[in-house]
Protein chains: 4
Amino acid sequence: MAAHDGAILDAALRLLATAGYGGMTIDAVAAEAGVSKATVYLRWPTKADLATAALAHVRETGGTRVTGDLRRDLAAILGAMRRNIRRLSATGIIGMCLAEERAAPELLALFRERSIAPRRAELRALLDAARDRGELRDGADLDTAVDLLMGAHHARYMAGGPFPRGWEERVVSGVLDGLLPTA
Amino acid sequence: MAAHDGAILDAALRLLATAGYGGMTIDAVAAEAGVSKATVYLRWPTKADLATAALAHVRETGGTRVTGDLRRDLAAILGAMRRNIRRLSATGIIGMCLAEERAAPELLALFRERSIAPRRAELRALLDAARDRGELRDGADLDTAVDLLMGAHHARYMAGGPFPRGWEERVVSGVLDGLLPTA
Amino acid sequence: MAAHDGAILDAALRLLATAGYGGMTIDAVAAEAGVSKATVYLRWPTKADLATAALAHVRETGGTRVTGDLRRDLAAILGAMRRNIRRLSATGIIGMCLAEERAAPELLALFRERSIAPRRAELRALLDAARDRGELRDGADLDTAVDLLMGAHHARYMAGGPFPRGWEERVVSGVLDGLLPTA
Amino acid sequence: MAAHDGAILDAALRLLATAGYGGMTIDAVAAEAGVSKATVYLRWPTKADLATAALAHVRETGGTRVTGDLRRDLAAILGAMRRNIRRLSATGIIGMCLAEERAAPELLALFRERSIAPRRAELRALLDAARDRGELRDGADLDTAVDLLMGAHHARYMAGGPFPRGWEERVVSGVLDGLLPTA
DNA sequence: GATGAATGAGACTTCATTCAT
DNA sequence: TATGAATGAAGTCTCATTCAT
C-alpha cells in the first residue's frame, strides 16, 4: 500500500547482510528508509518480524535458460547463484541465519525454503534430465552431486582467496568428471 | 595464567556458538565461567578481544591417521570434520564469523587460519600424494576438488535434511568418480 | 451527535475502570468503539478530555423508592450503590480518580459531583426525615452517620474478603443501633 | 547493603503516591534518588517489582498505646491512621492499588496485608477486649463495626470537604452510640 | 588478582497527537 | 465527517565498560 514498505524492507535486508541481526537496529533501518521508527513498527510489530519479512522479500534475479547442454546449464546456475550472493551480500545473510539459528530458527527455515530449496531443485532437475537422456553413469549419486555443486561456493568463500577464472566450469567439471582416470 | 582463563574462554566459545556474537554478553560469560565481569576485563580489554581469543582457543580433536588408501583417508577427514562441527556447534560459530565479517573481519580471518586452512592442507596433501602415486587422472583439478570436499558439509546442513548413512563415503565417491560414464 | 459518541465514551469508561488511566489508550478506545483514532480526536481534543467526558457520561441505575421505613430505605440505597459499583467496575474508576488526583484533579472533582454528592444527599435526606419524624436520638450526628454509611463499602472491599450475607442490613444496623448497651 | 536502596524506594513511593503508577517513571525515580537508571535495575528487575518493593517498604509510624478506655483507644487509632495517610499521601497509593488491581493484583494484596489487615486487627482487638469487659451490647456486630471505623476516612476524603474538628471522636461516637434513642 | 556496584549509551517499543485524503 | 498513515517524545530495559575496595 504505502510506498514505504519496499524501502524499509530493502534497508533492513541491507543492514542484515552487512551488519548482522544485532547491527540491524530499527533506528538504522528507519533512517536509511527515510521514515520514523514508529512507521516501521506500524508495519512489523517486532524487530524479529521485520527481519523475517526482509528475508522473505529477497528476490533473486537472473533465472537461467535451459539449453540441454548439461555443462553449460549447470555452470549457468552456479554463475547466477554467485552473482546473487554478491549482489545481496548473501554471505552475511547466511551467516546471520546460522548465527541466530538457536534464537530464531525461522530465519534459517525461511532461507532454506526461499533460497536453498529452489536452487537445489533446479540443479536436480537438470541432472535428472541428463540421466534420462542417458548422459550419466548408471547409479550416479545425484543427491550427493547436488551437495557438491551447492557447497562449492561456500568452500571457496571460506577459503578466502579469489574465485578463479572459469570457476563455474571448473566446479561443474569436478563434479561431472571426477578425479580418477577413465578406464 | 590463572586457571580462570580456560573457563572463561570455554564459556565464551559456547555462547558464541549457541547465541551468536550479540548473545555472548560479558555477563553471561562471567556467570557461566563462575567469575565476576571485572575478572574477564582483567584479561581481555574488550568484548571483541574476548571473542577473538575464544575462537583462537578452539582445539579440534581427532587427527586422522594416513593409511595411503585415498578413499578411506579422505572420508576419515570428512568424518572428523563433521564430528568437530557438531561437538563445537561450529555452524553457529561459522555463521557468527560470516555475520560479523564487515564489523570484525579478524574473526573470519582467524577462523580461516585456524580451522579452514589446516583442513584444506590436509586434504590437499592426500590428493597430492595420490597424484604422485599415479592414482589420479592427468590434469585433475585438485584445487576444485578440495572446494568440493570442503563445501559438502555446509551444503548438506543448509539443505536441512539429515546426513545420509555413509555420507563421508558418498561425498568422496562423488568427487573421485564423477557423474559421467567411464567411457 | 453522531452515534459514535456513545460507543466511544462507553469504551473509554470500560477501559478506565479495568485498565486505569494509563491503560486507557486512544488506540484501545478507538478499537473497542469501532472507529478510527482520528474520529476520537474529532470529538475530544486530548486524552484527559476524553477521560473526563467518559466519567461525566456515567449513568447510575436503580433509583430507589422511599418507603418511610428508615432501615429499609437506607439498605436499599446501600444495595443500589453496591450494585452500581460492581456493574461499572467503579473501584477501578475511584482508584483512577485518586491516583490521578495530583495530575488531574478535575477527575476526582467530577466524580464527587456526579456520584458521591447525590448519594450523600439521598442518605442525608432519609436521615433528616427520620429525625423530623422523631425516630432518631436527640443530637444524633448525621454528618458522621453519612460518612459511616458511605465508607462501609470501601472498607469491606479493601479488607478483601467477601461481602457477608445481609451486608446492607448489617451496616444500617451498625449505624443505627451502635455498639453500646441500651439503657 | 548499598545505601542507595532506601533512597530509591523512598523516591519510588513518593512518586507512586503523587503521580500514580504511570507517573512513576524509572527516570524520575533514579533522578530523585540520585542514581542512574541502571542502578535501579540492578536491584529490581522490572518497574512492577520496584513498585511492589516500594509499597512493602512503607513503614507506618505512631503505634498507639492501649489505655483500656475504648473511646480513647479507638480514636487514637483513627488519628494515627489519618496522620499516616496524610504523611504518605496514601490516598494516592490506595488509588493506584485500586486502579492497577486488574493489571497488578499483587499491589492491592500487599497493601491489604501490610496496611489494612494490621489496622483492622488492632481495632478488632480493642473491641473484643471491650466486649470481654462487658462494655458492649450483647450480640454487637463487631465485624461490621470495624468496617464502619475503617471506611469513615475514605468517605470523608471522597466527600471533599475538610475533616471536622474532633473527627476521630465523632466517628467513634457514631459507631458506639448509634443513631437511635436509648429506649 | 578479584569483585560488587555503578553508569552512559543505546536498544526496542508505545502512545498521544497530527494531517492529507 | 471519517480515516489510514505518520511521527516525536518518552518509557522500559540491556550491556559494555569502569572503579573503589
Side-chain angles (χ1 to χ4, degrees), chain A residues 1-5 8 21-30 33-51, chain B residues 1-5 8 21-30 33-51, chain C residues 1-5 8 21-30 33-51, chain D residues 1-5 8 21-30 33-51:
Chain A
M1 188 74 45
H4 291 155
D5 287 47
I8 294 171
Y21 184 81
M24 181 196 89
T25 70
I26 303 292
D27 250 318
V29 170
V35 299
S36 75
K37 272 186 291 182
T39 298
V40 176
Y41 279 99
L42 211 53
R43 284 143 220 270
W44 296 278
T46 74
K47 175 177 167 173
D49 287 316
L50 174 59
Chain B
M1 188 60 63
H4 291 157
D5 288 45
I8 295 171
Y21 185 80
M24 181 195 89
T25 68
I26 304 292
D27 249 318
V29 170
V35 300
S36 76
K37 273 190 289 184
T39 298
V40 176
Y41 276 96
L42 222 47
R43 281 144 225 265
W44 296 278
T46 73
K47 175 176 167 173
D49 287 316
L50 174 58
Chain C
M1 187 62 63
H4 290 157
D5 288 44
I8 295 171
Y21 185 80
M24 181 195 89
T25 69
I26 304 291
D27 249 317
V29 170
V35 300
S36 76
K37 272 190 290 183
T39 300
V40 176
Y41 277 96
L42 222 48
R43 282 145 225 265
W44 296 277
T46 73
K47 175 177 167 173
D49 287 316
L50 174 59
Chain D
M1 189 70 50
H4 292 155
D5 286 48
I8 295 171
Y21 185 80
M24 181 196 90
T25 70
I26 302 292
D27 250 319
V29 170
V35 300
S36 76
K37 273 187 289 183
T39 298
V40 176
Y41 279 98
L42 211 53
R43 284 144 219 267
W44 296 278
T46 76
K47 175 177 167 172
D49 287 317
L50 174 59

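Protein chains get the first letters and strands the later ones, always in sequence-line order, with residue 1 at the start of each. Keep in mind it's a predicted model, so treat the numbers as computed, not measured.
The CG-P distance, from C/Leu50 to E/dT17, rounds to 10 Å in whole Å. In this structure, B/Tyr21 atom OH and F/dC15 atom P are separated by 13 Å, rounded to whole Å. Between B/Met24 atom CE and F/dC15 atom P the separation is 12 Å, expressed in whole Å. Between the NZ atom of C/Lys47 and the C1' atom of F/dA10 there is a distance of 13 Å, rounded to whole Å.
Taking a 4.0 Å limit (strictly below) on heavy-atom distances, residues 34-42 of chain A reaches DNA chain E at A/Lys37, A/Ala38, A/Tyr41.
The distance from atom CG of D/Asp49 to atom CH2 of D/Trp44, rounded to the nearest 0.5 Å, is 10.0 Å. From D/Ile26, atom CD1 reaches atom OG1 of D/Thr39 across 12.0 Å, with rounding to the nearest 0.5 Å.
Here the closest non-hydrogen pair linking D/Tyr21 and D/Ala51 is CE1-CB, 3.6 Å. A pairwise comparison of heavy atoms in A/Leu50 and A/Ile8 identifies CD1-CG2, 4.0 Å as the closest pair.
Distances were taken from every side-chain heavy atom of D/Thr25 (C-beta onward) to each of F/dT17, F/dG11, E/dA11; the shortest belongs to F/dG11. Residue C/His4 has its side chain nearest to F/dA2 when only E/dA11, E/dA16, F/dA2 are considered.
Here C/Arg43 reaches the OP1 or OP2 of F/dA2: one of its side-chain N or O atoms lies under 4.0 Å away.
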Watson-Crick or G-U pairs under 3.5 Å in DNA chain E, rendered as dot-bracket with [ ] for crossing pairs and | for another strand: .||||||||||||||||||||
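Not a single side-chain contact (heavy atoms from CB on, under 4.5 Å) links A/Leu42 to another residue, sequence neighbours left out.
Position along DNA chain E of the nearest nucleotide to C/Gly22 versus A/Ile26 favours A/Ile26 as the more 5'-ward residue. If you find the closest nucleotide of DNA chain E to C/Asp27 and to A/Pro45, the one lying nearer the 5' end belongs to A/Pro45.
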